[in-house]
Number of protein chains: 2
Amino acid sequence: MSLRIALLGLLSISGPASGYDLTKRFETSLAHVWQAGHSQIYPELAKMAADELITVEAEGARGRKIYTITSDGRSELHRWLTEYTPTAAPRSEIALQTFLTPLLDTEEAVALVERMKADFEARLQELLALKHPEGKPRYGRYALDLGIRQARMAVEWATDTIADLKESAPPNGDAGHATRAPESPEPS
Amino acid sequence: MSLRIALLGLLSISGPASGYDLTKRFETSLAHVWQAGHSQIYPELAKMAADELITVEAEGARGRKIYTITSDGRSELHRWLTEYTPTAAPRSEIALQTFLTPLLDTEEAVALVERMKADFEARLQELLALKHPEGKPRYGRYALDLGIRQARMAVEWATDTIADLKESAPPNGDAGHATRAPESPEPS
DNA sequence: ACTCTCATGTAATTAGTTACATGATTAC
DNA sequence: GTAATCATGTAACTAATTACATGAGAGT
């Protein structure tokens with residue numbers, strides 16, 4: 001369903017386009033929001049045309065089909081935006097690694113979270129670079145803002161988690177600052 | 001692959017269990033990290049047993065099979081945690097709605113983001129309730145911490161976005177505080 | 001006897017990924 | 001002419017959802 005909505009959204013925002021154009025837009029503007037390759041997009045466009053959410057308005061060079069959103073498509077899109085509440089299906093590999101972190105010993109756990117932190121930082125820089133490329137507000141700026149905040153939050157989480165991991169199992173037996181009881185790990 | 005890892009993780013953390021037990025644990029401890037129903041879990045366990053990542057150690061009442069993780073299973077799990085870097089496949093319906101928000105007029109957009117905000121707040125309360133149920137640290141506490149920070153960040157984002165939406169298209173033509181130029185929307 | 005929860009599975013469908021296949025146009 | 005990019009598709013496979021199906025044991 002959501003692929004359909006993403007395609008309708010792109011056609012609504014930037015006008016008629018071919019499957020190829022839409023594939024490119026998934027790689028650029030939509031890249032941080034929804035992913036889809038051409039092998040998924042072409043068949044979906046055909047189904048959407050069969051359902052009359054879009055039509056082939058023109059055929060360009062070498063069989064290039066230019067799709068245009070129909071009023072049925074627009075109302076489907078509008079209905080999804082105003083009536084549908086996403087259920088945020090929790091399926092995140094990062095969260096899963098995070099969940100399972102206590103299975104590793106401290107050094108490994110620290111290495112894992114440090115790797116994550118580096119990824120979050122890279123992502124943050126990438127998103128910051130997208131901000132106002134020509135100094136004007138763009139479609140997707142709220143999504144971009146959300147992504148930036150998310151990345152920043154994740155970096156902070158990683159920093160704090162690394163500190164916590166190091167603190168709860170210090171590398172040497174130095175008892176000079178034992179003012180805080182180490183949290184005991186919970187065995188199975 | 002990740003379902004497999006989640007199952008290995010549960011078996012590693014809390015010891016031998018049946019498909020039914022594991023399904024229950026997906027509903028409780030893992031609920032905010034990875035989702036799977038019994039119809040996905042049973043066949044996967046059979047495949048994992050065929051691959052010798054787990055074994056049937058005991059059979060309980062009414063055909064209940066108790067699975068135990070093998071050393072192959074443990075090393076597979078360990079390898080995934082230490083070597084595999086998740087690629088955070090961006091596929092979020094909430095981010096998609098966010099991205100498409102500018103297609104709505106201001107009132108509708110505000111209503112949408114307010115609905116999101118309510119959901120984020122509910123989620124935050126739900127997660128906060130899971131914190132230290134018996135006052136002691138638990139498996140999954142880093143994941144829980146990440147989830148809580150995420151929910152809090154999302155609430156803040158929603159608050160700021162609602163304000164921004166209202167500001168860039170005020171409900172009445174009051175020019176008394178026009179010290180700030182409204183951001184011009186970018187047409188298709 | 002009946003109902004509820006426990007407990008395990010399969011079937012059908014939809015969504016998504018990876019690999020295969022083909023041909024047109026443009027730039028060198 | 002040849003290589004790169006444009007452009008569109010199909011096939012095979014894996015992952016996930018929804019629905020169907022069945023039976024055992026426990027409590028009333």
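Letters A, B, ... mirror the listed sequences (proteins, then strands); counts begin at 1. Bear in mind the structure is a predicted one, so any value in this text is a computation, not a measurement.
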Provide, to the nearest angstrom, the distance between the NZ atom belonging to B:K47 and the C1' atom belonging to D:dA15. 8 Å

Of residues 35-42 of chain A, the positions that come close to DNA chain D - non-hydrogen atoms, cut-off under 4.0 Å: A:H38, A:S39, A:Y42

side-chain contact (heavy atoms from CB on, under 4.5 Å) partner of A:L127, the single match among A:R149, A:Q150, A:H32: A:H32

Grab the CG-C1' distance between A:L22 and D:dG9 for me, whole Å please. 15 Å

Determine whether a donor-acceptor pair (N or O, by modelled atom type, separation under 3.5 Å) exists between the side chain of B:T98 and the backbone of B:I94. yes

In whole Å, I'd like the distance from the CZ atom of B:R64 to the C1' atom of D:dA26. 15 Å

Counting only side-chain nitrogens and oxygens, does A:S18 get under 4.0 Å of the OP1 or OP2 atom of D:dT8? yes

Output the rounded distance in Å from CZ (B:F26) to C1' (C:dT8). 17 Å

Do A:T70 side-chain atoms and A:E52 backbone N/O form a donor-acceptor pair below 3.5 Å? yes

5′-ward residue of the pair A:M1/B:D21 relative to DNA chain C: B:D21

B:D51 CG to D:dT14 P, straight-line distance once rounded to whole Å: 12 Å

Donor-acceptor contact present, side-chain B:W157 to main-chain A:G147, <3.5 Å: no

Side-chain donor-acceptor pairs of residues 116-124 of chain B under 3.5 Å, sequence neighbours excluded:
residue, atom, partner, partner atom, Å
B:K117, NZ, B:T159, OG1, 3.1

May I have the distance from A:L3 (atom CG) to C:dT17 (atom C1'), rounded to whole angstrom? 13 Å

Note: for B:R91 and B:K24 on DNA chain C, the residue whose nearest nucleotide lies more 5' is B:K24

Measuring to OP1 and OP2 of D:dG9, would you say a side-chain N or O of A:K65 lies under 4.0 angstrom away? yes

Would you find a donor on one side and an acceptor on the other, under 3.5 Å apart, between the side chain of A:D51 and the backbone of A:M48? no

Separation of atom OH in B:Y20 from atom C1' in C:dC6, rounded to whole Å: 5 Å

Using whole Å, report how far CD of A:E44 lies from C1' of C:dT13. 14 Å

May I have all residue pairs that pass ring-ring contact (aromatic ring centres under 6.0 Å, His included) and include part of residues 63-91 of chain A, sequence neighbours excluded? A:W80-A:Y84

